[in-house]
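Written below as structure tokens is the structure these notes are about.
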Protein chains: 2
Amino acid sequence: METLRERKKRRTRESLLRAALELFTSQGYERTTVDEIAEAVDVSQRTFFRYFAGKEDVALAVQKMTEAAFVAAVRARPAHEAPMQALRQAFLEGWDTIRETVESVVPVELYLRMYRTIESTPALLAAHLRRSAATEETIARVLAEREGVDVDTDPRPRLAVAVFGGVIRVSERRWCTSEDFGLESIRTLTAEYLDQVGSALTGNWRTG
Amino acid sequence: METLRERKKRRTRESLLRAALELFTSQGYERTTVDEIAEAVDVSQRTFFRYFAGKEDVALAVQKMTEAAFVAAVRARPAHEAPMQALRQAFLEGWDTIRETVESVVPVELYLRMYRTIESTPALLAAHLRRSAATEETIARVLAEREGVDVDTDPRPRLAVAVFGGVIRVSERRWCTSEDFGLESIRTLTAEYLDQVGSALTGNWRTG
DNA sequence: AGGTTAGTGACAGCCGCTGACAGTTGACAA
DNA sequence: TTGTCAACTGTCAGCGGCTGTCACTAACCT
């Protein structure tokens with residue numbers, strides 16, 4: 001059961017989040033001030049900073065949620081799966097259930113548009129990459145535990161996750177600049193790229 | 001031949017750079033203000049911003065140089081080498097010649113210490129990762145041209161570079177937190193990790 | 001109903017960064 | 001050498017992100 005106070009807090013937070021994303025996606029991240037966001041929700045600037053650590057934080061808040069869902073999905077994968085397979089499945093599963101993950105806070109539509117804003121805003125892209133790096137570290141530990149190896153001496157968990165993350169980023173980037181910017185296309189694109197990693201590494205591309 | 005004006009400019013720039021790195025590495029990036037850096041060189045804050053785009057910029061200036069050297073090294077690799085092999089050789093070569101690349105501006109010692117500061121400062125790490133992403137894009141294009149494939153339709157150049165970059169970052173991170181933080185150890189570590197990527201991807205780690 | 005606590009607004013201030021303008025110093029030709 | 005022009009610098013004023021402080025209001029809990 002949720003008390004009135006908690007309900008109010010949640011509503012303010014989500015209002016701020018929605019207003020921020022709406023402004024960021026429509027008029028750009030840099031051209032949006034914190035004052036503007038606060039004004040749109042009719043709270044003081046100070047209050048904004050009580051809910052979010054900063055402008056970057058609110059911009060990446062939803063990504064944070066989906067990343068958490070991804071980590072949880074990796075944890076939930078059956079133990080018999082090979083590492084890379086587990087990552088692949090968890091990732092695709094994340095996109096399948098994206099609606100349930102996100103819609104309670106902001107429309108999925110807005111979330112997708114925000115992805116493009118992040119990718120095209122240097123400051124946000126930097127923050128996003130840093131977050132991704134942190135998530136990769138978490139997943140490396142999950143993987144290490146799953147496989148029963150020591151993450152501090154065996155580099156394989158981190159290497160596998162780094163490679164996976166690299167492929168994901170290439171997919172994301174391609175997807176953001178692509179024309180069919182839909183929920184299905186990111187799934188197929190990522191799956192396709194994951195299949196092609198092998199041939200990209202070993203091999204002479206010229207004999208294609 | 002260098003005119004007096006140019007000499008003065010170069011000296012101011014390098015003084016600012018050295019002072020900044022010295023302050024960053026000794027008392028921390030966030031605890032160092034731009035005013036402090038300017039004061040250490042006895043110029044106005046405004047002048048600092050005429051030489052560097054910002055605080056981040058000066059912190060990553062040397063990394064920028066070494067990345068440029070790396071890109072050049074990739075370009076100079078013989079055409080018969082396979083893509084991943086070319087990247088590997090160029091990277092190791094970059095560390096072999098690091099002294100010539102860096103010492104004319106700042107002591108290598110300082111450059112190495114700065115690496116650790118970057119890795120342990122969220123804002124700098126974010127900026128560093130963003131720069132790396134940009135460099136990866138450049139290298140993907142170099143590789144594509146080398147191999148005669150179209151970078152816009154063939155994902156393999158970007159995938160290969162992303163994987164390589166991922167391994168590099170794992171190495172760097174490990175190296176920064178390691179005890180033998182020397183010029184040789186990053187070489188051996190990277191080479192070792194590049195060799196292990198294969199087994200990290202394919203394979204069941206539990207049968208080790 | 002009344003004391004306690006959580007959440008808010010208003011204000012002051014630091015820091016990174018930028019635009020505008022005036023002063024100074026080196027470059028180059030008369 | 002001197003005068004002119006361009007480059008470089010300092011000063012000042014100001015914006016936006018962010019934080020500390022403190023008084024005030026609203027919800028919570030007997």
Side-chain angles (χ1 to χ4, degrees), chain A residues 1-17 19-21 23-24 26-61 117-118 121-128 130-131, chain B residues 1-17 19-21 23-24 26-61 117-118 121-128 130-131:
Chain A
M1 194 46 193
E2 212 182 20
T3 168
L4 168 59
R5 205 174 253 171
E6 291 169 327
R7 241 177 301 148
K8 270 193 162 179
K9 269 187 75 172
R10 205 165 52 79
R11 227 182 304 146
T12 334
R13 201 192 119 89
E14 290 173 6
S15 297
L16 280 168
L17 181 51
L21 297 195
L23 287 166
F24 290 160
S26 61
Q27 65 183 19
Y29 176 75
E30 332 245 83
R31 277 180 302 283
T32 304
T33 67
V34 174
D35 286 308
E36 220 170 337
I37 301 169
E39 197 176 357
V41 185
D42 206 55
V43 295
S44 74
Q45 191 214 49
R46 196 67 187 82
T47 294
F48 171 90
F49 284 107
R50 287 200 178 94
Y51 283 94
F52 298 98
K55 208 176 149 184
E56 270 179 20
D57 187 37
V58 67
L60 300 177
T117 306
I118 293 171
T121 307
L124 283 185
L125 181 57
H128 174 61
R130 205 202 126 269
R131 278 210 54 72
Chain B
M1 195 47 193
E2 210 181 21
T3 167
L4 169 59
R5 201 172 255 172
E6 290 170 328
R7 242 178 300 148
K8 269 194 162 178
K9 269 187 75 172
R10 206 166 52 80
R11 228 183 302 146
T12 327
R13 201 193 119 90
E14 289 173 6
S15 297
L16 281 168
L17 182 51
L21 297 196
L23 287 166
F24 291 160
S26 62
Q27 63 183 17
Y29 176 75
E30 333 244 278
R31 277 180 302 284
T32 304
T33 67
V34 174
D35 286 309
E36 219 169 336
I37 301 168
E39 197 175 358
V41 185
D42 205 55
V43 295
S44 74
Q45 190 214 50
R46 197 67 186 81
T47 295
F48 171 90
F49 284 107
R50 288 201 177 93
Y51 283 93
F52 298 98
K55 208 176 150 185
E56 270 179 20
D57 187 36
V58 68
L60 300 177
T117 305
I118 292 172
T121 307
L124 282 185
L125 181 57
H128 174 61
R130 205 202 126 269
R131 277 210 53 73

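Note: hydrogens, waters and symmetry copies are ignored here, and every other heavy atom, side chains too, is used.
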**Message:** Using only modelled atom types and a 3.5 angstrom limit, is any donor from either the side chain of A:Arg50 or the base of C:dG9 paired with an acceptor on the other?
**Reply:** yes

**Item:** Non-hydrogen atoms of A:Leu21 and A:Val58 that approach each other most closely
**Value:** CD2-O, 3.9 Å

**Item:** Check: A:Leu23 main-chain N/O paired with A:Ser26 side-chain donor or acceptor under 3.5 Å
**Value:** yes

**Item:** Whole angstrom value for the distance that separates P of D:dC8 from CG of B:Asp42
**Value:** 19 Å

**Fill in**
Rounded to whole Å, CZ of B:Phe48 lies from P of D:dG10 at a distance of 13 Å

**Item:** Integer-rounded Å distance: D:dA7 P and B:Glu6 CD
**Value:** 12 Å

**Request:** Using whole Å, report how far CZ of B:Arg11 lies from P of D:dT9.
**Result:** 12 Å

**Complete:** dist A:Phe48:CZ -> A:Asp57:CG (nearest 0.5 Å) comes out at 7.5 Å

**Request:** Answer yes or no: are there more than 12 heavy-atom neighbours, outside B:Glu39 itself, under 6.0 Å from its atom CD?
**Result:** no

**Message:** Rounded to whole Å, how long is the line connecting atom CZ of A:Phe49 with atom C1' of C:dA10?
**Reply:** 15 Å

**Request:** Please work out if B:Tyr51 contacts a base, only the sugar-phosphate, or nothing of the nucleic acid, heavy-atom cut-off 4.0 Å.
**Result:** sugar-phosphate

**Fill in**
Of A:Ser44 and B:Lys8, the one whose closest nucleotide on DNA chain C sits nearer the 5' end is A:Ser44

**Asked** Expressed in angstrom and rounded to an integer, what is the separation of A:Leu4 atom CG from C:dT8 atom P?
**Response** 12 Å

**Asked** Within the structure, does a side-chain N or O atom of A:Thr47 lie under 4.0 Å from either OP1 or OP2 of C:dT8?
**Response** no

**Prompt:** Checking only heavy atoms, does the side chain of B:Arg46 share a donor-acceptor pair with the base of C:dG19 at less than 3.5 Å?
**Reply:** yes

**Asked** In whole Å, what is the span from the NZ atom of A:Lys55 to the P atom of D:dT19?
**Response** 14 Å

**Prompt:** Please give, in whole Å, the distance from D:dC15 C1' to A:Glu30 CD?
**Reply:** 14 Å

**Message:** Which nucleotide wins on minimum distance to the side chain of A:Arg5, given the candidates C:dT18, D:dC8, C:dG7?
**Reply:** C:dG7

**Prompt:** On DNA chain C, nearest-nucleotide positions of B:Gln45 versus A:Lys9: which is more 5'?
**Reply:** A:Lys9

**Item:** CZ (A:Arg7) with more than 12 external heavy atoms under 6.0 Å
**Value:** yes

